[in-house]
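What follows is a single structure, written as structure tokens, with notes after it.
All figures in this text were calculated on a predicted structure; none of them were measured in a lab.
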Amino acid sequence: MDLSIIEIVNEILKDQDKAFEIALKYNILPARNRSLVCPKCGHFMEYNINSDKWKCHNYKCSTSRSCTYPFDIQKNHFQKFLACLFFFGADIPIYEAVKISNISSQIIERNYKQFREKVHMSYQNMMQTKTLSFHVQIDESCFGKRKYNRGRIGNGVVWIFGACDATPGGNVYMIPVLHRDANTLIPIIQSWCPPGCIINSDCWAAYNNLDNYGFAHFTVNHSTNFVNPITLEHTQRIESLWRSAKNFLRKHHYISHQHIEEYVAEWCFRYNNNYDTFQIIQKISSIN
């Protein structure tokens, strides 16, 4: 656990002025010398130090917002909110955050849920606007437990389809799917992968016709080897990422299938942001 985060959280909870100072330092709250766009009239707002509020300069509007704007948080609740944001950014599970601080599990859980919703929104936008690289690995994996090696959604398991850049450190996308047939997976592949890119996969039948969609498709028969002995292509990176994602869900006790898409999105978001605590905090803060 990052001790510097614990020290920051202790400072936040100890003193309200210090909490606001930290929020400004890490660009969680907008700098007081900035001009913000008024949410009502589109004019500009400036911070008034005497009233401790953001005020619109349009006299016909006169909209004001609290010192915690753009967050809809009361000033006396901001310390706990900010502490939870640092806990979440540092990937500290709720049960550990409760031990470190005097914040109740209900408050932490409520804030984590809000942050996770923002992360999910940001992750969805990234999937829709940013394709993976020109060399991609794809695979599917079963999340959850099955009896006798059998199961489907609603019976203890969820199938997740994933794709990642073949290059170490590249981005990864994962999403739950109801079916693993070509009609389900190929449109996802087309939205995530640039036209003409190289795709590595196992020999699952849904991938058989990827060549017909303009992709250079290489397969690995995992029943005989992990690396294709002729092409030397493999899917080892996406397979290792499945382990990381599942370990993340276990660490946080994420077991609800109802929210599996948000849980997987959270892990992908963290991974794609290099698990950088402060980068994650600032990105969440910028999502309105």
Side-chain angles (χ1 to χ4, degrees), residues 119-144 146 151-154 157-246 248-249 257 259-274:
V119 161
H120 187 209
M121 182 170 61
S122 175
Y123 172 71
Q124 285 183 314
N125 180 65
M126 182 178 179
M127 284 195 299
Q128 294 166 4
T129 59
K130 184 176 181 179
T131 59
L132 295 169
S133 70
F134 205 71
H135 194 174
V136 178
Q137 297 178 7
I138 61 174
D139 196 22
E140 340 85 50
S141 184
C142 175
F143 280 52
R146 295 183 292 174
R152 54 187 172 82
I153 290 179
V157 299
V158 177
W159 281 101
I160 307 292
F161 174 70
C164 70
D165 295 336
T167 306
N171 288 327
V172 57
Y173 293 152
M174 295 178 181
I175 192 170
V177 291
L178 289 172
H179 306 286
R180 295 185 296 144
D181 57 7
N183 288 337
T184 300
L185 300 185
I186 288 179
I188 300 174
I189 293 168
Q190 289 177 305
S191 69
W192 288 354
C193 303
C197 79
I198 300 169
I199 297 180
N200 295 359
S201 76
D202 58 19
C203 295
W204 181 245
Y207 306 138
N208 286 348
N209 295 319
L210 281 176
D211 290 337
N212 296 337
Y213 292 89
F215 298 111
H217 184 210
F218 295 93
T219 60
V220 184
N221 187 342
H222 286 156
S223 64
T224 58
N225 46 55
F226 295 105
V227 178
N228 188 309
I230 299 174
T231 65
L232 301 182
E233 300 290 349
H234 58 83
T235 59
Q236 292 178 350
R237 182 162 188 257
I238 186 66
E239 289 164 19
S240 69
L241 293 177
W242 289 131
R243 289 193 294 273
S244 296
K246 291 176 181 180
F248 169 78
L249 267 63
H257 288 179
H259 301 290
I260 187 69
E261 183 173 342
E262 290 183 7
Y263 299 154
V264 171
E266 181 188 339
W267 179 80
C268 291
F269 178 87
R270 292 183 185 279
Y271 185 89
N272 292 341
N273 282 284
N274 305 310

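Between Ile260 and Ile160 there is a side-chain heavy-atom pair separated by less than 4.5 Å. Proximity of Ile138 to Thr235: side-chain heavy atoms (C-beta onward) are nowhere separated by under 4.5 Å. Here the side chains of Trp242 and Asp139 are in contact, with some heavy-atom distance below 4.5 Å. You'll find the side chain of Val177 reaches within 4.5 Å of the side chain of Ile188, heavy atoms only.
In terms of modelled atom types and a separation under 3.5 Å, the side chain of Tyr173 and the main chain of Met126 share a donor-acceptor contact.
Using a 4.0 Å cut-off between charged nitrogen and carboxylate oxygen, Arg270 and Glu266 count as a salt-bridge pair.
Judged as a side-chain hydrogen bond (donor to acceptor under 3.5 Å, both in side chains), and not counting sequence neighbours, Asn208 has no contacts. For Phe269, there are no ring-ring contact (aromatic ring centres under 6.0 Å, His included) partners, not counting sequence neighbours. When the side-chain hydrogen bond (donor to acceptor under 3.5 Å, both in side chains) test is applied to Ser133, the partners found at least two apart in sequence or on another chain are Asp165. Shown here are the salt bridge (Lys or Arg N to Asp or Glu O under 4.0 Å) partners of Glu140, two or more places apart in sequence or in another chain: Arg180.
Under the salt bridge (Lys or Arg N to Asp or Glu O under 4.0 Å) criterion, no residue pair touches residues 181-198, with sequence neighbours excluded.
Aromatic rings from Phe161 and Trp192 are positioned such that their centres are separated by under 6.0 Å.
Separating the NE2 atom in His135 from the SG atom in Cys164 is a distance of 9.5 Å, to the nearest 0.5 Å.
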Would you be so kind as to tabulate the donor-acceptor pairs closer than 3.5 Å made by side chains of residues 209-216, with sequence neighbours excluded?
residue: Asp211; atom: OD1; partner: His217; partner atom: N; Å: 3.2

